[in-house]
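Read the structure below first, then the notes.
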Protein chains: 2
Amino acid sequence: MEPREPDRRMELFRQKCREKGLALTHQRQVIYEALSQMEHHPSPEAIYEVVRKQIPSISLGTVYKNLKTFLDTGLLREVSVHHGTIRLEANMSPHHHFVCTQCKAIMDLEPEDLEPVKLKRKPPKGFRVQRFSVEALGICAACLAKSERARRSKS
Amino acid sequence: MEPREPDRRMELFRQKCREKGLALTHQRQVIYEALSQMEHHPSPEAIYEVVRKQIPSISLGTVYKNLKTFLDTGLLREVSVHHGTIRLEANMSPHHHFVCTQCKAIMDLEPEDLEPVKLKRKPPKGFRVQRFSVEALGICAACLAKSERARRSKS
DNA sequence: TATTAAACGATAATTATTCTCCTTTGTCAA
DNA sequence: TTGACAAAGGAGAATAATTATCGTTTAATA
Ligand SMILES: [Mn+2]
Ligand SMILES: [Mn+2]
Ligand SMILES: [Zn+2]
Ligand SMILES: [Zn+2]
């Protein structure tokens, strides 16, 4: 992300790990630093290829495990909101979606229910925008009720 | 999609198949009809489970093959834009993305470069929206150049 | 410095998807 | 109608992405 100040970024990372009770392993630091220097929103494999140059013995499993841990503790963000199985629809009219991040339920969001999406500036050099996809991410009624119930039974 | 007029919908489907030179098999019609009656933006597995009730001998491979064919011919839409491998980033500040649908390249779209995203109406009953994800889908400069070159060498 | 839970590495297992290959079926011309 | 043939289907193997298992190593901390 910030190309300058890598030391500060890593110091924040170490602090966050301490806060969350995560052991500060060499692997974790190299994985996090590699990802934060990559501008391309990489896949685990792509991160693995970079990290391997510094720790040739690291395993792909370790990369996956730590990326998951980092996601769970809010150190990283998943760009690909639906990266699981493909989801399809026959409704070809332009529209958007509500997506429950827990159960992956998808509901329609009609374009007339949304303020028009519009760029204020030009896209990156040479990029041709064809359409916008808007997703309202959140929690559906069913999942909300479920987590309510869980919370109540604990207290 | 339209709960009424299933006959009209299927007639349009058959016409589209003829146009595109796709054989009108029983399997294809059942798959398409099943999907267009499902409101839930299903996965191939979910479609398979429904279709199996009408054609118990159908194979999952056939479902996958035809969904792909339908996507290629513009009969269906893929809701999950990035359904491949997971993509990550360390940049936790709220922002959006440009996504090349060919090579899956992802570039940042800063929120100040976009008109604010806002719902005009309430979300579906009980749904709690946490954030919006906006993706400007299109073709990146590199892929555009590549397809230009391909087109030119053909003519 | 010794203890110990957490993390690592190797590898097996799982899941989603695609491919291969042989059989069946839809299309189209006669 | 029917016959030829390419397209499509079915079974199952193969591949890709991800997760789980388990014995070994390491970071935390007393
Ligand atoms: Mn939809
Ligand atoms: Mn980004
Ligand atoms: Zn839900
Ligand atoms: Zn591209």
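We name chains A, B, ... by the order of the sequence lines, and we start the count at 1 in each one.
Contact annotation for B:Ser57: backbone-only contact, meaning every heavy-atom pair under 4.0 Å involves sugar-phosphate atoms and none involves a base.
Under 4.0 Å is where a charged nitrogen must lie from a carboxylate oxygen, and between B:Glu19 and B:Lys16 no such pair does. Between B:Asp113 and A:Arg121 there is a salt bridge, since a side-chain N of the basic residue sits under 4.0 Å from a carboxylate O of the acidic one. Classification of A:Glu11 and A:Arg18 as a salt-bridged pair holds, one side-chain N sitting under 4.0 Å from a carboxylate O.
For the pair A:Gly138 and B:Gln130, the tightest heavy-atom approach, listed with the atom from each and the gap, is CA-OE1, 3.6 Å. In terms of heavy atoms, A:Val51 sits closest to A:Ala34 at CG2-CB, 3.8 Å.
A donor-acceptor pair shorter than 3.5 Å can be found between the side chains of B:His95 and B:Glu89.
We find that CD1 of A:Ile58 is positioned 5 Å from P of C:dG9, with the value rounded to whole Å. One interatomic measurement links the two molecules: CG of B:Leu71 to C1' of C:dT18, which rounds to 15 Å at whole-angstrom precision. One interatomic measurement links the two molecules: CZ of A:Arg28 to C1' of C:dA6, which rounds to 8 Å at whole-angstrom precision.
Residue B:Gln27 places none of its side-chain N or O atoms closer than 4.0 Å to OP1 or OP2 of C:dG26. For A:Thr25 and C:dC8, the shortest distance from a side-chain N or O to OP1 or OP2 is below 4.0 Å.
Within a 6.0 Å sphere centred on NZ of A:Lys122, other residues, nucleotides and ligands contribute 12 heavy atoms or fewer.
Taking the six-membered ring where the residue is Trp, the centroids of B:Phe13 and B:Phe70 are separated by under 6.0 Å.
Between B:Arg18 and B:Lys68, the residue anchored nearer the 5' end of DNA chain C, judged by the nucleotide with its closest heavy atom, is B:Lys68. Comparing B:Leu22 and A:His26 by the nucleotide of DNA chain C whose heavy atom lies nearest to each, the residue mapping closer to the 5' end is A:His26.
Distances were taken from every side-chain heavy atom of B:Tyr64 (C-beta onward) to each of C:dG9, C:dT17, C:dT20; the shortest belongs to C:dT17. Set against C:dT17, C:dA6, C:dT20, the side chain of A:Ala23 has C:dA6 as its closest nucleotide.
Direction change of the helix axis from one end of the helix from C:dT1-D:dA30 to C:dA30-D:dT1 to the other is 40°, with five pairs defining each end axis (rounded to 10°).
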### Task
Evaluate salt bridge (charged side-chain N to carboxylate O under 4.0 Å, His left out) for A:Arg14 paired with A:Glu33, printing each intermediate quantity in order.
CA-CA 11 Å; A:Arg14 289 189 204 98; A:Glu33 182 155 42; over 6 Å; no

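Nucleotides of DNA chain D with any atom under 4.0 Å from a heavy atom of chain A span, from 5' to 3', D:dA17 to D:dA28.
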